[in-house]
Amino acid sequence: PAMRISHLFSALSFLFVISLAQNMVVDEVVPLASLDEGDPRRPTSPEGGGVEPIVLACDENTAELNWFIYCSGPLLEAVNVHSLFNDSKTFVDMPLKEDPKYVNDKFHEQFANLSVNEINRDELIEFVNENFSPPGSELASCVPIDWHPQPQKIIGIQDPDLREWALSLHGIWKSLCKKIHEDIENQKERYSLIWLEHEFIAPGGRFREFYYWDAYWIVKGLIASEMYTTVQKMIENLASMIDRYGFVPNGGRIYYLKRSQPPMFSAMVYEYYESTHDKAFVRKMLPIMEREQEFWNEKRMIEVKVPTGNFTVYQYRTEANVPRPESYREDILSAQHIKENDRQRFWRDIASAAESGWDFSTRWFKDSGILLDIETTTVLPVDLNAFQCWNMDILEYLHERTGNKTQSEYYRNKRADFRDTIHHVFYNNTAGSWFDYNLRTKNHNLDFYASIAVPLFTGCYHSLNQAKSESLFKLMNESGVFNYPGGVPTSMNANSSEQWDFPNGFSNLNHMIIEGLRKSENAQMQDKAFKIAEKWVFGNYKVFAETGHMWEKYNVIGDVPKPGSGGEYDVQDGFGWTNGVILDLLITYNHRLKLPDQLRPTASPATDPADSSNSILTRSTRSVDSTTSASGMIFELSSLLSLVFARIAF
């Protein structure tokens, strides 16, 4: 209670000072009794009507001892108002040097009776440096126990230069391997990092912790590297999340505990089983796989009425409706032109887009095509529903493999029914493809996004109905998405500055398109799969030869490929799912892929995987500095924040 009262007075003081500075009159103050439940006057609907309590990214229920440091509160606010870091994620990844209550009390004592705007920036920098350690310092590098320099699958790649490159990528697993320091288990409250027992492969760059759907393509690469123990440990880490929270969070930080990502856990168990035939492990995982399904069934399903009937489908819809801690400053600034009554809806749609993995894309925007008009929670995503259809198929298969015919039959029937649902809700007979469905317009979004190919990847259509897959292939061919030298773009929206749009191509999306076409019965589609694989592999090779890095995303246009761009942060190197996709494709097409002569190195690349992994640079952490931000920007942030947090119980 004392802490809440302290935070309340800080917030009220902040509101009062900023209001005076702006010549504004504060009409009323929320009474203390209403703060625990949030301000009941907060709107919920897109039109600004209705009421809803404020839901933080983490709170006393999910992170009892440190939520007021990493998910809310005046310290988090001050760090972002004064722009201490280029990336908002830096601060919320920094471990505490003392217990969170001690640091929080110390902050209030040092900056008592000051609004966030009045805090001296240099003193705030000193406070952060005194009380926090650098981000990532809670993680140790590691060499996976099953890593060995020359896996037979990779040695089997026929092209010598591609083989050497694959060995270099295989070496990167050692750079991306992370292990949480053991002493952290007994002091979890000092970290935003969620404790994991086993080592894991991180994506790379600013993404120091595990990320959910990234892990599927990392697993594909680890299987190509014959690192089955590492795969098992990564799956066990994710299983521990489901045991603890009922679902797999977006990533391995407490500020992700109100949202997930595309549900790929069952797919990872499936890939592991197909490579090892370890039935004992599958039996252990099956109840956990089903528990995750319960989360999506209970928390992320919605009924929709379409001309052919009423159906229940899945959507991305997080509960959190405040700025994301890892993008705190960006979300505040993005909301400055949003009406106050609409900001909670806006922030929920922002966080729900992050749950989709597609943060951000015009796929989630209204016709204006700008972030201010995001409406993620009015979009029914075809890819999420196709993933869930696949999960039902996997559960049927793995129950059958482990001898539980009753459960296998249950999921067989469930998948058959849901496959029918996907046809009715997402399939457009005129266009001959699956598309997202918009609840506002009651129509499909007929623009091309790579997500429309996910039902082909997951096989969520009747296997005898080849016309469905062929019509999708025809649509993609006619739309021109196969014509780019670097691979398939995420969308065809050339007017977007968002990262999940043209001209960026992502490894996971290109992989799903390639695999969906490759598994088709149509020879022309199979041939196109190989040609896209060639483009993606050779484009990645060119960029690696020029930069020495694998990247999160790539620009697919032009004769000289380069890393992608756009979005909230700089393009990241590493990179987990990119490495995984390339290794999987090199193994899949190990006899067919031949590097063109013009791409062959004049001097042989390093053959020592350890040397090649050491050459992969990691993005350095930016420490707190004393660079003074523009006072106008500070004031703008402060003014906006005062409206947001004056009524929230810190």
Side-chain angles (χ1 to χ4, degrees), residues 304-309 311 313-315 356 358 361-364 367 379-390 393 415-484 487-494 500-502 505 508-533 535 556:
V304 57
K305 183 177 181 180
V306 297
T308 53
F311 299 92
V313 297
Y314 298 92
Q315 70 170 165
S356 79
W358 287 55
S361 169
T362 54
R363 180 185 174 196
W364 310 121
D367 295 338
V379 177
L380 302 181
V382 62
D383 51 352
L384 171 59
N385 286 274
F387 288 136
Q388 287 291 66
C389 182
W390 191 27
D393 196 17
R415 178 184 178 271
D417 290 342
F418 194 65
R419 186 180 64 194
D420 185 60
T421 293
I422 285 182
H423 173 79
H424 285 285
V425 176
F426 298 102
Y427 195 78
N428 187 292
N429 288 297
T430 303
S433 179
W434 300 273
F435 296 97
D436 292 340
Y437 184 85
N438 191 293
L439 294 170
R440 174 179 56 84
T441 65
K442 295 180 169 53
N443 284 306
H444 293 118
N445 180 353
L446 298 180
D447 293 338
F448 170 79
Y449 293 95
S451 50
I452 69 174
V454 175
L456 189 63
F457 169 68
T458 62
C460 198
Y461 60 97
H462 200 292
S463 59
L464 296 180
N465 189 355
Q466 285 301 307
K468 236 175 192 176
S469 63
E470 290 169 358
S471 64
L472 170 64
F473 175 64
K474 182 173 181 279
L475 174 75
M476 294 176 71
N477 206 19
E478 292 176 350
S479 68
V481 301
F482 297 144
N483 297 338
Y484 296 96
V488 178
T490 305
S491 81
M492 294 295 281
N493 190 330
W500 289 84
D501 273 311
F502 188 89
N508 61 335
L509 301 182
N510 274 264
H511 183 262
M512 287 189 285
I513 292 170
I514 292 165
E515 286 294 283
L517 295 173
R518 184 180 70 85
K519 294 175 182 178
S520 166
E521 298 294 328
N522 183 299
Q524 188 180 7
M525 294 169 67
Q526 294 172 1
D527 184 59
K528 181 60 71 175
F530 175 68
K531 289 179 179 177
I532 299 170
K535 288 181 178 182
V556 301

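Side chains included, hydrogens not; waters and symmetry mates left out as well; all remaining heavy atoms used. We're numbering straight along the sequence, starting at 1.
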Checklist entry - Do the side chains of Leu509 and Thr490 get nearer than 4.5 Å, heavy atoms only? => result yes

Checklist entry - Asn443 side chain to Thr441 main-chain N or O, any donor-acceptor pair under 3.5 Å? => result yes

Item to check | Which residues share a salt bridge (Lys or Arg N to Asp or Glu O under 4.0 Å) with Lys474, sequence neighbours left out | outcome: Glu478

Checklist outcome for this item: Taken in chain and number order and not counting sequence neighbours, the residues that satisfy ring pair (Phe, Tyr, Trp, His ring centres under 6.0 Å) with Phe435 are none

Checklist entry - Does the side chain of Cys389 reach to within under 4.5 Å of the side chain of Tyr461, using non-hydrogen atoms? => result no

Checklist entry - Can you tell if the side chain of Val306 reaches within under 4.5 Å of the side chain of Tyr437, non-hydrogen atoms only? => result yes

Checklist entry - By salt bridge (Lys or Arg N to Asp or Glu O under 4.0 Å), which residues pair with Asp527, not counting sequence neighbours? => result Lys531

Item to check | Separation between CG of Leu475 and CD1 of Ile452, rounded to the nearest 0.5 Å | outcome: 5.0 Å

Checklist outcome for this item: Shortest non-hydrogen pair, Asp501 vs Ser491, comes out as OD1-OG, 2.6 Å

Next on the checklist: Within the 4.5 Å heavy-atom criterion, are Val382 and Val454 side-chain neighbours or not?
Outcome noted: no

Item to check | Partners meeting ring pair (Phe, Tyr, Trp, His ring centres under 6.0 Å) with Tyr427 (sequence neighbours left out) | outcome: His423, Trp434

Checklist entry - Are side-chain heavy atoms of Pro381 and Trp358 found at a separation under 4.5 Å? => result no

Item to check | Any Leu380 side-chain heavy atom under 4.5 Å of Leu439 side chain | outcome: yes

Checklist entry - For the atom pair OG (Ser356) and CH2 (Trp500), what is the distance rounded to the nearest 0.5 Å? => result 8.0 Å

Item to check | Check: Phe502 ring centroid to Phe448 ring centroid under 6.0 Å | outcome: no

Checklist entry - Going by heavy atoms in the side chains, are Tyr314 and Phe418 under 4.5 Å from each other? => result yes

Checklist entry - Taking side chain as C-beta onward, heavy atoms only, is Phe473 less than 4.5 Å from Leu456? => result no

Checklist entry - From Asn483 CG over to Asn477 CG, what is the distance, rounded to the nearest 0.5 angstrom? => result 7.5 Å

Checklist entry - Got a sec, which residues hit side-chain contact (heavy atoms from CB on, under 4.5 Å) with Thr430, two or more places apart in sequence or on another chain? => result Asn428

Next on the checklist: Please find the pair of heavy atoms, one from Ala529 and one from Leu517, that lie closest to each other, and give the distance.
Outcome noted: CB-CB, 3.7 Å

Next on the checklist: With a sphere of 6.0 Å drawn around CG of Asp367, does it hold more than 12 non-hydrogen atoms of other residues, nucleotides or ligands?
Outcome noted: no

Checklist entry - Of all residues at least two apart in sequence or in a different chain, which pass the ring pair (Phe, Tyr, Trp, His ring centres under 6.0 Å) check with His462? => result none

Checklist entry - Pairs in or reaching into residues 416-452: which pass disulfide (SG to SG under 2.5 Å), with residues at least two apart or in two chains? => result none

Next on the checklist: Between His424 and Pro307 (side chain of the first, backbone of the second, donor and acceptor by atom type, cut-off under 3.5 Å), is there such a pair?
Outcome noted: no

Next on the checklist: Checking the side chain of Asn510 only, and the main-chain atoms of Val488 only, is there a donor and an acceptor separated by less than 3.5 Å?
Outcome noted: yes

Checklist entry - Between Asp393 and Thr458, does a side-chain contact (heavy atoms from CB on, under 4.5 Å) hold up when you go through it step by step? => result CA-CA 9 Å; Asp393 196 17; Thr458 62; over 6 Å; no

Item to check | Distance (rounded to the nearest 0.5 Å) between Ser471 OG and Asn465 CG | outcome: 8.0 Å

Next on the checklist: Among residues at least two apart in sequence or on other chains, which ones pass salt bridge (Lys or Arg N to Asp or Glu O under 4.0 Å) with Arg518?
Outcome noted: Glu515

Checklist entry - Considering residues at least two apart in sequence or located in another chain, which fulfil the side-chain contact (heavy atoms from CB on, under 4.5 Å) criterion with Asn522? => result Glu470, Ser520, Gln524, Met525

Checklist outcome for this item: Smallest heavy-atom separation, Pro489 atom then Ala450 atom, equals O-CB, 4.3 Å

Checklist entry - Taking only residues two or more places apart in sequence, or in another chain, which ones meet Phe387 in a ring pair (Phe, Tyr, Trp, His ring centres under 6.0 Å)? => result none

Checklist entry - Can you list the residues that meet the salt bridge (Lys or Arg N to Asp or Glu O under 4.0 Å) rule with Asp436, with sequence neighbours excluded? => result Arg363

Checklist entry - Nearest heavy-atom pair of Leu472 and Ser433: which atoms, and what distance? => result CD1-OG, 3.2 Å

Next on the checklist: Return the NZ to CD1 distance between Lys528 and Ile513, rounded to the nearest 0.5 Å.
Outcome noted: 12.0 Å

Item to check | Results of side-chain contact (heavy atoms from CB on, under 4.5 Å) for Asp447 - residues two or more places apart only | outcome: Asn445, Tyr449

Item to check | Inter-residue atom distance Arg415.CZ - Cys460.SG, 0.5 Å rounding | outcome: 5.5 Å

